[in-house]
Amino acid sequence: QVQLVESGGGLVQAGDSLRLSCTASGSIFGINAMGWYRQAPGKQRDLVASVTSGGNINYADSVKGRFTASRDNAKNTVYLQMNSLKPEDTAVYYCQCSASTRSFPRYYRDYWGQGTQVTIST
């Protein structure tokens, strides 16, 4: 089993910054993508940013230029630096990873964190 522990959410004002962190632990033999999704009340869960094991990053259009995702493969940790925050960024942010708990053959499945609330006030 794989556990994801997130930290760094909170309540800030528009224009401020926050940094989220997420560390994966457990019987992990490999991780492909790690990233962040968010879900606002009454809306679906959407991709914010995803980082491959090779370092390629995919961002949602709404956060490009403001958010920066990064990853430390040695620590199984993914980060999300969020700058110039807007009220519309308010959501629960979920960490996600695609991991294998088998050494051979590898079988990757998605795991999710419990979510961390990010609230941006005007």
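Worth saying up front: this structure is predicted, and the values here are computed from it rather than measured.
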(message) Test of understanding: clusters of I, L, V, M, F, W, Y form through side-chain heavy atoms closer than 4.5 Å, transitively. Do Y94 and V2 belong to the same one?
(response) no
(message) Tell me whether C22 and C97 have SG atoms closer together than 2.5 Å.
(response) no
(message) With a 4.0 Å cut-off on N to O distance, would you call D89 and K86 a salt bridge?
(response) no
(request) Kindly indicate whether the side chain of Q96, heavy atoms from C-beta on, has any atom under 4.5 Å from the side chain of D110. (result) yes
(request) Could you tell me whether F67 and W36 have their ring centroids closer than 6.0 angstrom? (result) no
(message) Nearest 0.5 Å, please: how far is CD in Q3 from CG in N76?
(response) 11.5 Å
(message) Please give me the minimum heavy-atom distance between A91 and Q117, naming the atom from each residue.
(response) O-NE2, 3.4 Å
(request) Indicate yes or no: at least one non-hydrogen side-chain atom of R45 is less than 4.5 angstrom from one of W112. (result) yes
(request) State whether a side-chain donor-acceptor pair under 3.5 Å links E88 with T90. (result) no
Would you list the atom pairs, donor with acceptor, under 3.5 Å between side chains in residues 48-57 and any protein atom, with sequence neighbours excluded?
unit_1: T52; atom_1: OG1; unit_2: G54; atom_2: N; d: 3.3
unit_1: T52; atom_1: OG1; unit_2: G55; atom_2: N; d: 3.3
unit_1: T52; atom_1: OG1; unit_2: N56; atom_2: N; d: 3.0

(message) Check this for me: Y107, atom OH, are more than 12 non-hydrogen atoms of other residues, nucleotides or ligands nearer than 6.0 Å?
(response) no
(message) Tell me the closest heavy-atom pair linking P87 and T122, and the distance in Å.
(response) CG-CG2, 3.5 Å
